Amino acid sequence: KKRLQSDRVESAKAYSNSLQVLQMQQAQMNALQQQAMGGISGQWNAQAMYRPPETNVNVTVGYQPGRTTINVGMVPEEGAAAGSGGVTSGFGPM
């Protein structure tokens, strides 16, 4: 009878230890998942840019928790710095 009781105690200890290890592994997996998903708070930042075809307009939209930004800008034409029919073609003597 004492042997049976001793075996039960050992079995309960082994079960408890196994459960503790599984709980620690679950906590580690949760921590890794939170890191992969953007940190503990789960905050995401996103940004997108669009330039309509055949225009020099550039629209950028950004998002982060608590803040959204929209920027509209003008992008220089290709070759404008060289003055070959770009922005600078209207400057200088005619």
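What's counted below: heavy atoms across the whole structure, side chains too, no hydrogens, waters or symmetry copies. The structure displayed is predicted, hence computed values, not measured ones.
Of the inter-residue distances, the one linking Q47 atom CD with N71 atom CG reads 8.0 Å to the nearest 0.5 angstrom. To the nearest 0.5 angstrom, N30 atom CG is 4.5 Å from Q26 atom CD. Interatomic distance, CE of M29 versus CE of M24, reported as 14.0 Å (0.5 Å rounding). To the nearest 0.5 Å, atoms CZ (R51) and CE (M49) are separated by 8.0 Å. To the nearest 0.5 Å, atoms OH (Y50) and OG1 (T55) are separated by 7.5 Å.
Under the 3.5 Å distance criterion, the side-chain polar atoms of S18 are matched with a main-chain donor or acceptor of A14.
The environment of CG in L4 is crowded: more than 12 heavy-atom neighbours from other residues, nucleotides or ligands sit within 6.0 Å.
At a threshold of 4.5 Å between non-hydrogen side-chain atoms, the residues M74 and N58 do not count as touching.
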